[in-house]
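Since the structure comes first, as structure tokens, the remarks are kept for the end.
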Amino acid sequence: SGLKGWNMPNLGGRILTGARLVDLGDLTYRPGTSAERYYTHLREVMDEIYRRGAFPVVLGGDHSITYSTAHRDAAALVHLDAHCDLAAYGEDDFHHHGNVIARLLDEGLAGDVYHVGLRDTSGGDTKAAGTKAYSANPGVFPEIIEALSGQTLFISLDVDVVDPAAMPGTGTPVPGGLEMRELCGFLAQLAARCKPRGLDVVELCPLQDRSDMSAQNVVELILVFLA
């Protein structure tokens, strides 16, 4: 149904006026369900959303869900994260937040991968994987936007890309991350200059943040992007 929108003074006033937003609810893991069945079911839900031409915003949750949420026909995957998530994997850790990008690449399910915000050196080799790697330096944003301008893309945003001073509610915080203002500006440019097909926001752990600031900042990031 139509909405009156949100008043966002930092964006010049009211946004998303008349937008049609639908909450599809939670896709909850049930004890006894195999991990493979869960991720397959999530993929089936995502396929139906994409088939209908809707724009999904998926909230997580473990970063491994991106294996199922990512738009597989997008030209690029923008991976906003302190970690590259290219770790090796085997049968015992097939679905894991540390290897999700490796799995997508190994199975040919991702286009060009742009890691943005990297600070942790563990978890894989971006050069060997053939991906593009950028640190948490907003000075590189114009280069990335220029390279992606006009392209279809999926955005996967791990909240630990943000400096833990502003985003403490996550399981693997790494110092030296992006400031909220920097990330908001980058997301707005991606939305304006590129052709996004979907967004997931993952690794939020509210129990790690008694102030609730992290959850509030996630809402801010989503609204700035959708605006």
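Nothing fancy with the numbering, it's 1 onward along the sequence.
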Requested in this report: Run the salt-bridge test on K132 and E143 with the 4.0 Å N-O cut-off and return the result as yes or no.
Outcome: no

Report task. Measure the shortest side-chain to side-chain distance between L223 and I15 over non-hydrogen atoms and say whether it is less than 4.5 angstrom. Result -> yes

**Report entry** Chi angles and distances behind the side-chain hydrogen bond (donor to acceptor under 3.5 Å, both in side chains) call for D158, H83
**Finding:** CA-CA 9 Å; D158 184 323; H83 314 84; 5.0 Å; no

Query - Closest heavy-atom pair and its distance - A75, T152 - result: N-OG1, 2.9 Å

Report summary line: Separation between CD1 (I49) and NE2 (H71), nearest 0.5 Å, reads 11.5 Å

Query raised in the report: Closest heavy-atom contact between N99 and A87?
Result: CB-O, 3.2 Å

Query raised in the report: Cation-pi between R20 and F55: NZ/CZ under 6.0 Å from ring centre and within 45° of the ring axis?
Result: no

Query raised in the report: Can you name the ring pair (Phe, Tyr, Trp, His ring centres under 6.0 Å) partners of Y114, sequence neighbours left out?
Result: none

Query raised in the report: Roughly how far, to the nearest 0.5 Å, is CD of E220 from CE of M213?
Result: 13.0 Å

Requested in this report: Please examine the side chains of L183 and L80, heavy atoms only from C-beta on, and report whether any two atoms are closer than 4.5 Å.
Outcome: yes

Report task. List the steps and the verdict of side-chain hydrogen bond (donor to acceptor under 3.5 Å, both in side chains) for N137 and S135. Result -> CA-CA 5 Å; N137 173 15; S135 66; 4.9 Å; no

Report task. Give the cluster check for L118 versus I145: same hydrophobic cluster or not, with ILVMFWY residues linked at side-chain heavy-atom distances below 4.5 Å. Result -> no

Requested in this report: Carefully, step by step, assess L11 and V224 under the rule side chain to side chain contact (heavy atoms under 4.5 Å, CB included).
Outcome: CA-CA 8 Å; L11 297 178; V224 165; 4.2 Å; yes

Requested in this report: State which residue, out of D106, V113, D81, T126, fulfils the side chain to side chain contact (heavy atoms under 4.5 Å, CB included) condition with I101.
Outcome: V113

Requested in this report: Kindly compute the distance separating CG (L77) from CG (L109), expressed to the nearest 0.5 Å.
Outcome: 11.0 Å

**Report entry** Neighbour count above 12 (heavy atom, 6.0 Å) for R181 CZ
**Finding:** no

Requested in this report: Answer whether the closest heavy-atom distance between the side chains of Q216 and V219 falls below 4.5 Å.
Outcome: no

Query - Stepwise side chain to side chain contact (heavy atoms under 4.5 Å, CB included) check, R43 with R72 - result: CA-CA 11 Å; R43 185 64 218 173; R72 296 179 177 178; 3.6 Å; yes

Query raised in the report: Are any of the side-chain heavy atoms of L204 and S214 separated by less than 4.5 Å?
Result: yes

Report summary line: On a heavy-atom basis, the closest approach of L178 and P138 is CD2-CD, 4.3 Å

Requested in this report: Indicate yes or no: at least one non-hydrogen side-chain atom of L27 is less than 4.5 angstrom from one of Y38.
Outcome: yes

Requested in this report: Look up atom CE in M46 and atom CD1 in I65, then write down how far apart they are to the nearest 0.5 Å.
Outcome: 8.5 Å

Query raised in the report: Which value, rounded to the nearest 0.5 Å, describes the distance between F154 atom CZ and L104 atom CG?
Result: 9.5 Å

Requested in this report: Please lay out, stage by stage, how I144 and V116 fare under the test side chain to side chain contact (heavy atoms under 4.5 Å, CB included).
Outcome: CA-CA 9 Å; I144 299 170; V116 182; 3.8 Å; yes

Query raised in the report: Would V58 and V22 show up in the same hydrophobic cluster when neighbours are defined by side-chain heavy atoms closer than 4.5 Å?
Result: yes

Report task. State plainly whether one hydrophobic cluster holds both V100 and V45, where clusters connect Ile, Leu, Val, Met, Phe, Trp and Tyr through side-chain heavy atoms under 4.5 angstrom apart. Result -> yes

Query raised in the report: Linking I/L/V/M/F/W/Y whenever any side-chain heavy atoms sit under 4.5 Å apart, do L187 and L226 land together?
Result: yes

Requested in this report: Decide yes or no on side chain to side chain contact (heavy atoms under 4.5 Å, CB included) for Y67 and E107, but give the supporting numbers first.
Outcome: CA-CA 10 Å; Y67 176 77; E107 297 182 29; 2.7 Å; yes

Query - Crowding at CG, D212 (>12 non-hydrogen neighbours, <6.0 Å) - result: yes

Query raised in the report: Which pair of heavy atoms, one from C84 and one from H79, lies closest together, and at what distance?
Result: O-CE1, 3.5 Å

Please list every donor-acceptor pair under 3.5 Å in which a side-chain atom of residues 161-171 meets a protein atom from a residue at least two apart or in another chain.
residue : atom : partner : partner atom : Å
D163    : OD1  : G176    : N            : 3.0
D163    : OD1  : G177    : N            : 3.0
D163    : OD2  : A165    : N            : 3.0
T170    : OG1  : E203    : O            : 2.8

Query raised in the report: Between Y39 and S64, does a side-chain hydrogen bond (donor to acceptor under 3.5 Å, both in side chains) hold up when you go through it step by step?
Result: CA-CA 9 Å; Y39 288 94; S64 60; 2.5 Å; yes

Query raised in the report: Mind checking whether F141 and F186 have parallel, tilted or perpendicular rings, split at 30° and 60°?
Result: parallel

Query raised in the report: Looking at L148 and A76, what are the two nearest heavy atoms and their distance?
Result: CD2-CB, 3.6 Å

Query raised in the report: In terms of heavy-atom contacts, does CD of E44 have more than 12 from other residues, nucleotides or ligands at under 6.0 Å?
Result: yes

Query - Salt bridge present between R51 and D47 (N-O < 4.0 angstrom) - result: no

Query raised in the report: Is there a side-chain contact between D85 and H63, using heavy atoms and a 4.5 Å cut-off?
Result: yes

Query raised in the report: Within the distance-only criterion (no hydrogens, no angle test), does the side chain of R30 pair as donor or acceptor with the backbone N or O of T28 below 3.5 angstrom?
Result: no

Query - Flag for Q151-D112: side-chain donor and acceptor within less than 3.5 Å - result: no

Query raised in the report: Is any side-chain heavy atom of I155 less than 4.5 Å from a side-chain heavy atom of L153?
Result: yes

Query - Closest heavy-atom pair and its distance - A70, Y50 - result: C-OH, 3.9 Å

Report task. Supply the atom-to-atom distance R14 CZ to W6 CH2, rounded to the nearest 0.5 angstrom. Result -> 10.5 Å

Query - Heavy-atom side-chain proximity of I222 to L59 below 4.5 angstrom - result: yes

Solution key, residues 189-202 side-chain donor-acceptor pairs under 3.5 Å, sequence neighbours excluded:
residue : atom : partner : partner atom : Å
R193    : NH2  : E146    : OE1          : 3.3
R197    : NH1  : K195    : O            : 3.4
D200    : OD1  : S156    : OG           : 2.7
D200    : OD2  : T66     : OG1          : 2.7
D200    : OD2  : T69     : OG1          : 2.7

Query raised in the report: Which is it for Y134 and H115 under the ring pair (Phe, Tyr, Trp, His ring centres under 6.0 Å) test, yes or no, and what are the steps along the way?
Result: CA-CA 6 Å; Y134 300 87; H115 306 278; 9.3 Å; no

